[in-house]
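Below, chains carry the letters A, B, ... as their sequence lines are ordered, and counting in each starts from 1. Both backbone and side-chain heavy atoms feed into the values below; hydrogens, waters and symmetry mates do not. Because the structure is a prediction, the values reported are computed rather than measured.
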There are 2 protein chains.
Amino acid sequence: MEELVQYILKFGDLSKQQLELIVSKGEELKIRKDSYFSEAGKIPKQVGFIVEGVIRGGYYNNKGEEITRCFIMENSLVCDYVNFEASTSSSEYLQAATDCSLIVFSKKNWEELSHIISGWDNIKNKMVQLCMYQKSRKGPVISQDATTRYLEFLENYPSVINRVPLSYIASYLGVTQQSLSRIRRNIR
Amino acid sequence: MEELVQYILKFGDLSKQQLELIVSKGEELKIRKDSYFSEAGKIPKQVGFIVEGVIRGGYYNNKGEEITRCFIMENSLVCDYVNFEASTSSSEYLQAATDCSLIVFSKKNWEELSHIISGWDNIKNKMVQLCMYQKSRKGPVISQDATTRYLEFLENYPSVINRVPLSYIASYLGVTQQSLSRIRRNIR
DNA sequence: TTCACTTTTTACCATTTGGTAAACAGCGGT
DNA sequence: ACCGCTGTTTACCAAATGGTAAAAAGTGAA
């Protein structure tokens with residue numbers, strides 16, 4: 001759980017005792033590649049912290065096609081927070097793009113922390129805001145051509161390229177898998 | 001200020017007295033089309049609530065081209081909140097796409113509300129989360145062709161099309177102004 | 001190893017989009 | 001009205017991308 005502790009401490013100071021209390025409310029969860037952390041059409045039940053692996057955030061457009069909206073990496077919070085908080089069903093899913101190792105908090109445990117740790121809400125909100133901020137930025141720039149988008153993806157996510165199926169990356173970049181394959185050939 | 005009061009009440013209950021206190025901390029601000037609410041490279045100094053008008057969120061890519069990332073409409077909070085809170089300079093700007101009428105809160109006033117109104121932090125965080133959520137979703141889908149993106153834009157933002165310059169919409173959709181013009185002709 | 005299955009690469013052609021340049025339309029100021 | 005400025009539309013051709021289909025490469029199980 002050490003990674004989680006270090007992550008939390010980036011947002012504010014807590015005593016060793018308080019940190020132990022937080023960790024005690026989390027559970028380790030391993031999920032296999034392609035399984036879902038939360039599903040489209042369902043209420044998100046957990047907040048997660050990624051210890052190892054990559055999570056893919058996406059949704060189905062009105063033609064039923066899968067759209068990949070973001071990749072979430074190690075040492076990040078992962079949650080569809082607005083729907084988690086409001087207990088509303090989400091239009092998005094969060095899916096393991098690789099085998100993942102997480103620390104998860106049930107809604108009950110997550111809310112309890114607000115009551116038993118003073119200062120937690122402040123830290124929590126900063127963490128959630130960063131989580132949402134990271135989801136919202138750094139996406140591929142729609143006005144750039146596919147080659148540029150791919151090269152920028154390599155810069156922003158160098159560790160992802162060899163870990164997740166190419167089809168997910170193509171979906172993220174907004175091109176067909178064939179086009180991405182051609183782009184990769186032309187770059188060499 | 002009635003719009004702001006109604007907006008706040010969607011996130012939690014407050015007394016008439018408390019609402020008046022909140023309103024008293026806000027200032028009316030009118031900004032002309034094309035002027036900036038916050039600028040790229042600078043620290044965001046205010047949280048705003050849009051009473052009338054449309055704000056355009058965007059940034060410069062590494063080639064110096066303007067990228068439009070979102071449009072923010074009436075009755076929404078507008079802020080680069082993560083950088084506002086941390087007093088860090090933003091890579092994005094928020095620009096009036098039409099003449100705008102806002103209610104704005106300085107950082108000082110915004111923070112004072114947390115001390116003088118119990119329950120405000122809870123409401124505030126929900127408002128900020130929604131603000132960030134709206135910024136992050138509903139963007140044009142990169143894998144769809146430009147015509148589809150334009151048609152979906154019309155559905156999602158029917159009131160914007162005749163209010164802002166076409167070049168902003170083209171930038172948002174990721175096409176040149178000429179291509180957008182051709183698309184509009186072909187649809188009729 | 002071989003087989004079955006999935007992922008990735010290639011190839012071909014039709015379609016879409018970008019780049020450049022010019023014409024056209026709208027609008028405010030004089 | 002006329003001018004100058006800005007925003008929008010057109011046109012033409014080159015380049016990028018999608019759709020379809022098939023081949024090649026990788027992977028795991030028997």
Side-chain angles (χ1 to χ4, degrees), chain A residues 32-35 53-54 56 58 60-68 71 95-99 139-154 157 160-188, chain B residues 32-36 53-54 56 58 60-68 71 95-99 139-154 157 159-188:
Chain A
R32 286 227 160 272
K33 179 173 171 177
D34 293 339
S35 63
V54 179
R56 178 175 89 93
Y60 301 96
N61 70 7
N62 46 29
K63 289 175 198 151
E65 298 159 335
E66 290 209 356
I67 311 291
T68 299
F71 291 105
Q95 181 189 28
T98 66
D99 289 353
V141 177
I142 200 168
S143 62
Q144 290 172 329
D145 67 25
T147 302
T148 307
R149 297 201 299 265
Y150 177 69
L151 291 173
E152 296 206 343
F153 177 79
L154 286 184
Y157 298 93
V160 173
I161 192 71
N162 291 314
R163 297 166 73 191
V164 311
L166 209 59
S167 56
Y168 288 162
I169 295 169
S171 160
Y172 177 74
L173 295 175
V175 296
T176 59
Q177 186 169 315
Q178 293 89 320
S179 293
L180 179 54
S181 188
R182 173 175 46 203
I183 286 163
R184 280 151 64 93
R185 167 163 47 97
N186 292 340
I187 284 173
R188 289 186 234 117
Chain B
R32 286 228 161 272
K33 179 175 171 175
D34 293 338
S35 63
Y36 289 90
V54 179
R56 180 174 88 95
Y60 300 97
N61 71 8
N62 46 28
K63 292 175 196 151
E65 298 159 335
E66 291 209 356
I67 310 291
T68 299
F71 292 105
Q95 182 189 29
T98 67
D99 289 352
V141 178
I142 201 169
S143 62
Q144 291 172 328
D145 66 25
T147 302
T148 307
R149 297 201 298 265
Y150 177 69
L151 291 173
E152 296 206 342
F153 177 80
L154 286 184
Y157 298 94
S159 65
V160 173
I161 192 72
N162 292 313
R163 297 165 74 188
V164 312
L166 210 58
S167 56
Y168 288 163
I169 295 168
S171 160
Y172 177 74
L173 296 175
V175 296
T176 60
Q177 185 167 316
Q178 292 88 323
S179 293
L180 179 54
S181 189
R182 174 177 43 202
I183 286 162
R184 281 152 63 94
R185 167 163 46 96
N186 291 340
I187 284 172
R188 289 186 235 117

Nearest-Å distance, [atom1] ([X]) to [atom2] ([N])?
X: Ile161(B); N: dG7(D); atom1: CD1; atom2: C1'; result: 14 Å
X: Asn186(A); N: dA11(C); atom1: CG; atom2: C1'; result: 13 Å
X: Asn162(A); N: dT7(C); atom1: CG; atom2: P; result: 16 Å
X: Lys33(B); N: dG28(C); atom1: NZ; atom2: C1'; result: 14 Å
X: Arg185(A); N: dT7(C); atom1: CZ; atom2: P; result: 21 Å
X: Tyr168(A); N: dT7(C); atom1: OH; atom2: C1'; result: 12 Å
X: Leu166(B); N: dG26(C); atom1: CG; atom2: P; result: 14 Å
X: Ile169(A); N: dT9(C); atom1: CD1; atom2: P; result: 10 Å

Enumerate all atom pairs, one protein N or O and one N or O from nucleotides 17-23 of chain C, separated by less than 3.5 Å.
{"unit_1": "dT17(C)", "atom_1": "OP1", "unit_2": "Ala146(B)", "atom_2": "N", "d": "2.5"}
{"unit_1": "dG18(C)", "atom_1": "OP2", "unit_2": "Ser179(B)", "atom_2": "OG", "d": "2.6"}
{"unit_1": "dG18(C)", "atom_1": "N7", "unit_2": "Arg182(B)", "atom_2": "NH2", "d": "3.4"}
{"unit_1": "dG18(C)", "atom_1": "O6", "unit_2": "Arg182(B)", "atom_2": "NH1", "d": "3.3"}
{"unit_1": "dT20(C)", "atom_1": "O4", "unit_2": "Gln178(B)", "atom_2": "NE2", "d": "3.4"}

Exercise. Establish, with yes or no, whether the OP1 or OP2 oxygen of dT9(D) is under 4.0 angstrom from a side-chain nitrogen or oxygen of Arg184(B).
Key: yes
Quiz item: With no hydrogens and no angle check, do the side chains of Ser179(A) and Arg182(A) hold a donor and an acceptor under 3.5 Å apart?
Solution: yes
Quiz item: In terms of side-chain geometry, is the basic nitrogen of Asp99(B) or Arg32(B) positioned less than 4.0 Å from the acidic oxygen of its partner?
Solution: yes
Atom pair [atom1] ([X]) and [atom2] ([Y]), whose distance is rounded to the nearest 0.5 Å:
X: Leu166(A); Y: Leu180(A); atom1: CG; atom2: CG; result: 4.5 Å
X: Gln144(B); Y: Leu151(B); atom1: CD; atom2: CG; result: 10.0 Å
X: Ile169(B); Y: Gln177(B); atom1: CD1; atom2: CD; result: 10.0 Å
X: Tyr172(B); Y: Arg149(B); atom1: OH; atom2: CZ; result: 10.5 Å

